[in-house]
Amino acid sequence: MFVNSAFFDVEEIQVRGNTYFESEQVITMADAKTGGNIFWGSDKHEIKARLSENPYIEDVDVSMKLPRTLIITVKERIQKAYIKTGKTYIVFDGEGVVLNETKTKPKLTEIVDIKIKHAEEGEKLEPVEQRNFDKLLE
């Protein structure tokens, strides 16, 4: 069958929608490779699943541009602020989703006087007083 031919082997991978990550970083995280058949050798569902594990990636779409281009479109979460806890900084987006925890002070707005109950990457921050935090996010 013609669809099995090398004519449909992936030769190029394009990344769209990325601002935080470089395109090559997205391709590496996705473990996307050239050479496989665009219809069944590109593992589109696995690419989406791998990228969705990263807290900075809110949504992923994997499509194709025939005959040989795989397109990965990402919607990234945007860093909004951080809370300092001890010697670490918890960076989160506008919905309160924890993006990362770092020992390097971010160049973002610091939120003070909010005590944290639980903070895990990819999940919503759990402050001791949720109502105050919700108002802050608004």
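Residue numbers start at 1 and run along the sequence shown.
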Report task. Calculate, to the nearest 0.5 Å, the distance between atoms CD and OG1 belonging to E101 and T88 respectively. Result -> 4.0 Å
Query raised in the report: Would you say E11 and T34 make side-chain contact, with heavy atoms under 4.5 Å?
Result: no
Query raised in the report: Is the Y82 ring parallel, tilted or perpendicular to the Y89 ring (thresholds 30°, 60°)?
Result: perpendicular
Report task. Locate the shortest heavy-atom distance separating P127 from L125; write the atom from each residue and the value. Result -> CD-O, 3.2 Å
Query raised in the report: Between V74 and Y20, does a side-chain contact (heavy atoms from CB on, under 4.5 Å) hold up when you go through it step by step?
Result: CA-CA 11 Å; V74 295; Y20 182 77; over 6 Å; no
Query raised in the report: Any sub-3.5 Å donor-acceptor pair from K115's side-chain atoms to V128's backbone N or O?
Result: no
Report task. Check whether any side-chain N or O of R77 sits under 3.5 Å from a backbone N or O of P55 as a donor-acceptor pair, and report yes or no. Result -> yes
Query raised in the report: Quick check: are there more than 12 heavy atoms from other residues, nucleotides or ligands sitting under 6.0 Å from CD of E126?
Result: yes
Requested in this report: Indicate yes or no for a side-chain donor-acceptor contact from E123 to the backbone of E120 under 3.5 Å, with no hydrogens or angles considered.
Outcome: no
Query - T85 side, atom OG1; I83 side, atom CD1 - distance, nearest 0.5 Å - result: 8.5 Å
Query - Stepwise side-chain contact (heavy atoms from CB on, under 4.5 Å) check, F92 with L137 - result: CA-CA 10 Å; F92 56 92; L137 290 176; 4.0 Å; yes
Report task. For residues K84 and E110, determine if any side-chain heavy atom of one lies less than 4.5 Å from a side-chain heavy atom of the other. Result -> yes
Query - Over all atoms of both residues, closest heavy-atom pair of M29 and R50 - result: O-CB, 3.7 Å
**Report entry** CD on E58 to CD on E95, rounded to 0.5 Å
**Finding:** 5.5 Å
Report task. State the NZ-CD1 distance between K44 and I72, to the nearest 0.5 angstrom. Result -> 11.5 Å
Query raised in the report: Checking side-chain contact (heavy atoms from CB on, under 4.5 Å) for the pair K80/L108: CA distance, chi angles, key distance, verdict?
Result: CA-CA 7 Å; K80 290 294 183 185; L108 298 166; over 6 Å; no
Query raised in the report: For E76 and T19, does a side-chain donor sit closer than 3.5 Å to a side-chain acceptor?
Result: yes
Report task. Calculate, to the nearest 0.5 Å, the distance between atoms CG and NZ belonging to D31 and K33 respectively. Result -> 3.5 Å
Query raised in the report: With V26, which of I47, T73, L51 fulfils side chain to side chain contact (heavy atoms under 4.5 Å, CB included)?
Result: L51
Requested in this report: Would you tell me whether Q130 and D134 have side-chain atoms, one donor and one acceptor, within less than 3.5 Å of each other?
Outcome: yes
Requested in this report: Determine, stepwise, if the pair V97 / K124 fulfils side-chain contact (heavy atoms from CB on, under 4.5 Å).
Outcome: CA-CA 4 Å; V97 175; K124 277 196 131 181; 4.2 Å; yes
Requested in this report: Using atom types as modelled and distance alone, determine if a side-chain donor or acceptor of N18 lies under 3.5 Å from a backbone N or O of F21.
Outcome: yes
Query raised in the report: Can you name the nearest heavy-atom pair linking K65 to I38, along with the distance?
Result: O-CD1, 4.2 Å
Query raised in the report: Do you know which two heavy atoms are closest between S63 and L70, and how far apart they sit?
Result: O-CD1, 3.5 Å
Query raised in the report: V10 versus E12: any side-chain heavy-atom pair under 4.5 Å?
Result: no
Query raised in the report: What pair of heavy atoms forms the shortest contact from G35 to D9, and how long is it?
Result: O-CG, 3.4 Å
Query raised in the report: What is the distance from atom CG of N54 to atom CG of L99, rounded to the nearest 0.5 Å?
Result: 9.0 Å
Query raised in the report: I71 and L66: same hydrophobic cluster, using ILVMFWY side-chain contacts below 4.5 Å?
Result: no
Report task. Answer yes if the side chains of Y56 and D93 hold a donor-acceptor pair under 3.5 Å, and no otherwise. Result -> no
